[in-house]
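Here the structure is laid out as structure tokens; the discussion comes afterwards.
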Protein chains: 2
Amino acid sequence: MTTRDQILKLSDKLIRDKGFNGFSFHDISKTIGIKTASIHYHFPTKADLGVATVKGHLKSLEEIKKTIANKSPFQKLEAFFSIYVKVKSEKSVCLVGSLATDLNTVDGKVKVELKNLATAILELVTETLEDGKSKGVFHFQIPARTKALMIITNMLGIVQLMRLTGEQDFEAMKGSIVKELKSK
Amino acid sequence: MTTRDQILKLSDKLIRDKGFNGFSFHDISKTIGIKTASIHYHFPTKADLGVATVKGHLKSLEEIKKTIANKSPFQKLEAFFSIYVKVKSEKSVCLVGSLATDLNTVDGKVKVELKNLATAILELVTETLEDGKSKGVFHFQIPARTKALMIITNMLGIVQLMRLTGEQDFEAMKGSIVKELKSK
DNA sequence: GTCTATATTCCGATAGAC
DNA sequence: GTCTATCGGAATATAGAC
């Protein structure tokens with residue numbers, strides 16, 4: 001893996017673990033064994049690092065989208081859940097939630113890219129729900145966009161809350177989301 | 001209002017607006033017209049300020065609990081929503097969500113107090129849902145605790161997301177939560 | 001209680017050698 | 001690309017006068 005990719009991977013983890021204002025170039029420096037000055041060669045400013053990190057997630061999401069294109073609605077939903085299963089296993093939170101709570105302190109360019117990511121996630125889940133409803137396997141009486149927001153906020157919120165209420169709440173919620181979608 | 005209360009009120013707003021690591025004593029200093037050194041007289045460390053701020057929310061929640069004790073399940077739920085309606089009007093996020101994403105960077109005492117607050121909120125909503133179900137006005141097929149977590153994460157998450165997806169999503173979600181609770 | 005002054009540490013960022 | 005060295009600023013916190 002290139003140094004640039006090592007930095008990006010660690011940046012992602014640190015943002016989700018400590019928040020954008022809770023980690024420093026020194027954290028990256030000590031972990032991958034490179035001086036802080038060298039990080040600036042790859043990313044001139046911390047905002048540049050933030051933008052690149054969010055863009056990386058957007059690219060990953062596009063990959064997921066391609067992979068599930070011809071899968072069943074349930075499999076599409078599981079692919080979305082898998083993002084948060086990974087987050088849970090790392091005992092951190094998701095990138096969108098972490099940056100959203102720091103929104104008023106980050107550079108405008110990060111904000112723009114984060115809006116792109118949030119929009120892409122919302123589109124993915126909304127389409128998944130519409131697909132499931134048209135095929136008669138998902139049932140809900142509210143707009144697909146709103147139902148998608150409910151499921152997304154369930155996942156985004158539970159990874160934040162479960163460290164305060166109990167880890168078992170994650171599986172309970174994931175299971176209940178599917179159960180409610182299946183019941184007429 | 002005492003200086004101490006002024007500091008606490010501003011601390012709450014700043015944590016929710018910029019995150020715990022995104023605001024400084026200087027922000028408080030310049031707003032209420034007091035030197036940063038004076039803030040330390042009231043709160044020796046930033047962690048002390050954090051603990052007191054969370055305890056303030058816990059006290060407010062106890063007040064709400066007393067107020068709604070004999071109200072209908074719908075009114076109880078609206079009282080819970082009202083916390084987030086206020087958050088929305090301030091264009092910020094909720095305290096639990098903001099501190100949860102910074103959890104690994106805050107003092108242990110703040111973490112303990114935040115757990116107490118999250119537990120109290122979960123209890124309030126769970127009891128509200130159980131009350132509504134026993135009275136036949138709310139309908140859901142999953143454990144009350146899980147349903148409560150779903151509604152809490154809906155609110156916690158939508159105030160974080162709506163600044164990225166659109167403000168209209170807040171009302172849509174609030175309305176849909178009630179609609180789904182009412183439908184058999 | 002609030003002030004001035006200061007200690008200490010940390011952070012993002014840049015210049016220039018290698 | 002990575003390094004050493006350093007700048008400038010901001011942060012939390014403390015000491016002591018008023």
(request) Under 4.0 Å between any heavy atoms, over every strand shown, what does B:Phe23 touch: base, sugar-phosphate, or nothing? Just pick one. (result) sugar-phosphate
What protein N or O atoms touch nucleotides 2-6 of chain D N or O atoms at under 3.5 angstrom, if any, and at what distances?
from	atom 1	to	atom 2	distance (Å)
D:dT2	OP1	A:Thr3	OG1	3.0
D:dT2	OP2	A:His42	NE2	2.7
D:dC3	OP2	A:Lys35	N	2.7
D:dC3	OP2	A:Ser38	OG	2.9

(message) What is the separation between atom CG on B:Leu49 and atom C1' on D:dA13, rounded to the nearest whole Å?
(response) 14 Å
(message) Rounded to whole Å, please give me the gap between CG in B:Asp48 and C1' in D:dT12.
(response) 12 Å
(message) Count I, L, V, M, F, W, Y as connected when their side-chain heavy atoms are under 4.5 Å apart, and connections chain through other members. Are B:Val137 and B:Ile151 then in the same cluster?
(response) yes
(request) Rounded off to whole Å, could you give me the NZ-to-P distance for the A:Lys46 and C:dC10 pair? (result) 15 Å
(request) Would you please confirm or rule out a distance under 4.0 Å between OP1 or OP2 of C:dC11 and any side-chain N or O of A:Ser24? (result) yes
(message) Please report the distance, rounded to the nearest Å, between NZ in A:Lys18 and P in C:dC10.
(response) 12 Å
(request) State whether a side-chain donor-acceptor pair under 3.5 Å links B:Asp12 with B:Thr53. (result) no
(request) Indicate whether the side chain of B:Thr105 and that of B:Asp102 have a donor and an acceptor atom separated by less than 3.5 Å. (result) no
(message) From CD1 of B:Ile7 over to C1' of C:dG1, roughly how many Å is that when rounded to an integer?
(response) 10 Å
(message) I'd like to check A:Met173 versus B:Met150 (side-chain heavy atoms, cut-off strictly below 4.5 Å). Are they in contact?
(response) yes
(request) Would you verify whether the NZ or CZ of B:Lys46 falls within 45 degrees of the ring axis of B:Phe20 while also being under 6.0 Å from that six-membered ring's centre? (result) yes
(request) Rounded off to whole Å, could you give me the NE2-to-P distance for the B:His40 and D:dT12 pair? (result) 7 Å
(message) Rounded to whole Å, how long is the line connecting atom CD1 of B:Ile32 with atom P of C:dG1?
(response) 14 Å
(message) Nearest whole Å is fine: how far is C:dT9 P from A:Phe25 CZ?
(response) 23 Å
(message) Do B:Met155 and B:Lys174 have side chains that approach each other closer than 4.5 Å (heavy atoms only, starting at C-beta)?
(response) yes
